[in-house]
Amino acid sequence: MAKTSIAFFETTGIEKKYLKKKFDKNFELFFYQDELNDSNSNLISNINIISPFIYSTINSKVLEKTKKLKLIATRSTGFNHIDIKKAEKKNISVANVPYYGENTVAEHTFALILALSRNIHKAYVRTTRNDFALQGLQGFDLKGKTLGVIGAGSIGVHVIRIAKGFGMKVIAYDPNPNHILSDMLEFKYVSLDELLKSSNIISLHCPYNQYTHHLLNMNNIKLVKKGALFINTARSGIIEPQALYYAIDNNIFGGAGLDVFEGEELLKEENQMLTKNVSVEHLEVLLKRNILLRRENVILTPHMAFDSVEAVERIMDTTVENIMNFLEDKNYHKVI
Ligand code: NAI
């Protein structure tokens, strides 16, 4: 019987070792550190199953080249890096990992909130220079402040739970409200405008799609309560870049903690830029990132909110389960 071929992209040595143990000799496994995109799509022309992470671009051109592909088992919650319509047309199923890290991403959200509210990042830089002065480091309490959660799903709800532990008031905007949950956790659903006007901290936890593209934009950014903190661990496209820069430049946002930001996928290749031809697009992104980095009230982290030991193991376990169940015609986390 022919072996089932699986190609894993964007894998580290640790992941390769862990995943190899999960499949027997009926499988032929391929591991690549690189992401999958137009330039290396020949690698999957005869592969049955692929498993990318979020930096791969599985567009219609890539899918066009596949002859035997039956399943895309993305090792992520979001799947906006996959052309779902094209996959459907080619009768390719798509599976994701919906639950691996609601606490993990929520904890990182609070790492960003606390760093900004207590100036931990500034204090760190100063003390490494042997400067222990307090001037300019005074923070503010979270207790009694209002947190506005945009998207009260798995991660958003975990953020709400943590916020309640800090004694914060919580409001949420979500087109699919769950009133039993809001009664239980004592938070209130409000309109987006109301949330922007009333929150001391705004945190994004909705998916990125055609409805949430530039959900925060130049039209509604001016509603934000002056000096609010802005936290984005969801996806960069949910806020219009121009609105983000405008809000930071005009002290509408008193600070921003960004795990995701425009062009992050291009910046991963920054080390290669010295040897490659640099496109204008790359340069623009680099310039904008450097403008953000120069700001004392902005903290960037490299899309790492999901990345804890426990969460990565959960991701791999669910991916293996998705693949096995797909092959055995059992239930799996099916996107399409
Ligand atoms: P989820 O599907 O459990 O929750 C999303 C919530 O957003 C739902 O309650 C939904 O009703 C709501 N929503 C949908 N459209 C909306 C809109 N227009 N406005 C406001 N709310 C809306 O998803 P989960 O697991 O909580 O993840 C949220 C997002 O976090 C993912 O889509 C992903 O992009 C991002 N993420 C980021 C990670 C990182 O490492 N930075 C890791 C994992 C997820």
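Just follow the structure's listing: the first ligand is 1, and inside any ligand the first atom is 1. All heavy atoms count here, side chains included; hydrogens, waters and symmetry mates do not.
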Legend entry - D193: partners by salt bridge (Lys or Arg N to Asp or Glu O under 4.0 Å), with sequence neighbours left out: none

Legend entry - I155 and ligand 1 - part of the residue with a heavy-atom distance under 4.0 Å: both

Legend entry - F9-F30 aromatic ring centre distance below 6.0 Å: no

Inset, instruction - Using a 4.5 Å cut-off on heavy atoms from C-beta on, say whether the side chain of K225 contacts that of L196. - result: no

Inset, instruction - Using non-hydrogen atoms of the residue, decide whether G101 is closer than 4.0 angstrom to ligand 1. - result: no

Inset, instruction - Examine F261 together with H303 and report whether their ring centres are nearer than 6.0 Å. - result: no

Inset, instruction - Please state which part of H108 comes within less than 4.0 Å of ligand 1, counting heavy atoms only: side chain, backbone, both or neither. - result: neither

Inset, instruction - Write down the atom of S51, the atom of T319, and the distance for their closest heavy-atom approach. - result: OG-CG2, 3.7 Å

Legend entry - Selected option - heavy-atom contact closest to atom 15 (N) of ligand 1, from S154, P302, P175: P175

Inset, instruction - Pick whichever of G151, P207, G153 has a heavy atom sitting closest to atom 31 (C) of ligand 1. - result: P207

Inset, instruction - Would you kindly specify which portion of Y173 sits under 4.0 Å from ligand 1, judged on non-hydrogen atoms: side chain, backbone, both or neither? - result: both

Legend entry - ligand 1 contact by C206, heavy-atom criterion under 4.0 angstrom: yes

Inset, instruction - Heavy-atom distances under 4.0 Å are what count here, so tell me which part of Y100 touches ligand 1: side chain, backbone, both or neither. - result: side chain

Inset, instruction - Could you name the option among I315, D174, L258 that has the heavy atom nearest to atom 11 (O) of ligand 1? - result: D174

Legend entry - Distance-only N or O hit between ligand 1 and L215, under 3.5 Å: no

Inset, instruction - Would you mind listing every side-chain hydrogen bond (donor to acceptor under 3.5 Å, both in side chains) that reaches into residues 87-105, with sequence neighbours excluded? - result: T66-K90, N103-E107, N103-R314, T104-R314

Inset, instruction - Determine, using heavy atoms of E102 and all atoms of ligand 1, whether some pair is separated by less than 4.0 Å. - result: no

Legend entry - For ligand 1, the portion of A152 having any non-hydrogen atom under 4.0 Å away: backbone

Inset, instruction - Could you give me the CA-CA distance, side-chain angles and deciding distance for H81 and T74, then say whether side-chain hydrogen bond (donor to acceptor under 3.5 Å, both in side chains) is met? - result: CA-CA 9 Å; H81 52 299; T74 186; 2.9 Å; yes

Inset, instruction - Please determine, by modelled atom types, if E10 and S56 share a side-chain donor-acceptor pair under 3.5 angstrom. - result: yes

